[in-house]
Amino acid sequence: VKVVAVSGRLLEPGYAYERVRAFQERTIQDLQKVLETLHREGGGQPFQGLVLDMRDNPGGLLDQAVKVADEWPTDGLVVYTKGRDESQQHEFRAHPQGTEASYPIVVIVNEGTASASEIVAGALQDQGRAVVIGMQSFGKGSVQTVFPLESGNGLRLTTAPYYTPGGRSIQEVGITPDIVVRAPEPEPLVEGEEGDAPRRLRERDLERHFTQED
């Protein structure tokens with residue numbers, strides 16, 4: 001079943017809401033179509049503000065995350081990777097073409113915001129283009145490379161970590177919101193210690209996960 005990656009609506013005149021659920025092959029096209037529709041519904045005027053909701057977005061394609069983050073900054077880093085091998089060192093930058101007008105943005109994240117969605121949140125936060133609110137994100141900040149085998153199978157290895165424009169590693173830590181908002185979510189996946197409220201699964205809870213020291 002194909003997930004509808006992007007949806008949106010006007011909250012009130014001048015203020016838009018966009019929900020990005022995953023980063024698939026056409027996420028950037030879908031996002032741009034939603035933005036065009038909302039601009040048209042708003043009479044063609046620039047937004048006075050935008051809410052970008054990426055709660056429970058598990059991530060997806062890196063190139064789509066970079067293109068989505070590039071909708072708002074005019075230049076500067078979006079994300080970069082550093083691996084032990086030179087071939088795993090890459091920088092992804094924003095471009096001025098097609099950049100949206102400079103209006104306030106709020107990005108909403110939670111414990112289910114992972115990988116590509118953390119890249120977008122971290123890029124907009126470090127670039128000073130958005131205020132991030134919600135809960136600490138999942139913390140999946142590593143690059144996997146698939147090496148084909150003669151049998152036709154593949155071997156997937158973790159080859160590099162992602163870093164936000166400010167040099168923060170997402171791995172294990174996630175994105176720290178500027179404003180913490182604890183919403184009631186009735187789907188705990190990991191039981192806390194005795195006496196604690198249940199909490200949801202994050203990267204750091206996974207067996208043999210890569211740590212910041214690794």
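For the numbers below, each heavy atom of this structure counts, side chains included, while hydrogens, waters and symmetry mates do not.
With a 4.5 Å cut-off on side-chain heavy atoms, Gln48 and Glu12 do not count as touching. Using a 4.5 Å heavy-atom cutoff, the side chains of Gln29 and Gln64 are in contact. Between Asn57 and Phe23, the closest side-chain pair of non-hydrogen atoms falls below 4.5 Å. Inter-residue side-chain proximity for Leu124 and Leu52 is flagged as met; some heavy-atom pair is nearer than 4.5 Å. Using a 4.5 Å heavy-atom cutoff, the side chains of Val180 and Gln136 are not in contact. Looking at heavy atoms from C-beta onward, Thr164 lies out of side-chain contact with Gln125 at the 4.5 angstrom threshold. Inter-residue side-chain proximity for Val6 and Arg19 is flagged as unmet; no heavy-atom pair is nearer than 4.5 Å. In this structure, Gln45 and Pro13 have side chains that are not in contact, with every pair of non-hydrogen atoms separated by 4.5 Å or more.
Listed for the Asn110 side chain is no donor-acceptor partner under 3.5 Å among the backbone atoms of Arg55. A donor-acceptor pair is defined here as one N or O able to donate and one able to accept, closer than 3.5 Å; no such pair exists between the side chain of Thr27 and the backbone of Ala5. Panel note: side chain Lys33, backbone Leu35; no donor-acceptor pair is recorded below 3.5 Å. Between the side chain of Glu118 and the main chain of Lys140, a donor-acceptor pair closer than 3.5 Å is present. Not one N or O on the side chain of Thr113 forms a donor-acceptor pair closer than 3.5 Å with the backbone of Ser137.
Listed here is the closest heavy atom pair of Leu157 and Phe147: CD1-CE1, 3.8 Å. Between Ala123 and Pro165, the shortest heavy-atom distance links the atoms CA-CD, 3.8 Å. In terms of heavy atoms, Ala16 sits closest to Leu38 at CB-CD1, 3.9 Å. The minimum heavy-atom distance between Arg129 and Ala101, with the atom names listed, is NH2-O, 3.7 Å. Across every non-hydrogen atom of Gly60 and Ala116, the tightest pair is N-CB, 3.7 Å. Asp75 and Gln127 get closest at one heavy-atom pair: O-NE2, 2.9 Å.
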Run Glu100 and His39 through side chain to side chain contact (heavy atoms under 4.5 Å, CB included) and show every step you take.
CA-CA 11 Å; Glu100 282 277 298; His39 279 304; 2.9 Å; yes
Should Ile119 and Phe92 be marked as a side chain to side chain contact (heavy atoms under 4.5 Å, CB included) after you check the CA-CA gap, both sets of side-chain angles, and the distance that decides it?
CA-CA 11 Å; Ile119 288 173; Phe92 302 88; over 6 Å; no
Can you check side chain to side chain contact (heavy atoms under 4.5 Å, CB included) on Ile105 and Phe47, steps first, answer last?
CA-CA 10 Å; Ile105 301 172; Phe47 297 143; over 6 Å; no
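One hydrophobic cluster, built from ILVMFWY side chains closer than 4.5 Å, holds both Val106 and Leu11. Leu31 and Val66 end up in the same hydrophobic cluster when Ile, Leu, Val, Met, Phe, Trp and Tyr side chains are linked at under 4.5 Å. Val34 and Leu61 fall into different hydrophobic clusters, defined by Ile, Leu, Val, Met, Phe, Trp and Tyr side-chain heavy atoms under 4.5 Å apart, directly or through other members. Both Leu62 and Ile170 sit in one connected hydrophobic cluster of ILVMFWY residues. Membership requires side-chain heavy atoms under 4.5 Å apart, directly or through other members. By the rule that hydrophobic residues join a cluster once side-chain heavy atoms approach within less than 4.5 Å of another member, Ile175 and Tyr163 end up as members of separate clusters.
For Glu25, the CD atom sits in a loose shell: 12 or fewer heavy atoms of surrounding residues, nucleotides or ligands are nearer than 6.0 Å.
Ile133 CD1 to Asp53 CG: the interatomic distance, rounded to the nearest 0.5 Å, is 9.0 Å. Rounding to the nearest 0.5 Å gives a distance of 11.5 Å between OH of Tyr15 and CG of Leu50. Separation of atoms NE2 (His95) and NZ (Lys67) is listed at 10.5 Å; rounding is to 0.5 Å. Atom CG in Asp63 sits 10.0 Å away from atom CD1 in Ile28 (nearest 0.5 Å).
Between Tyr80 and the choices Gln89, Glu91, His90, Arg93, the side-chain contact (heavy atoms from CB on, under 4.5 Å) rule is met once, by Glu91.
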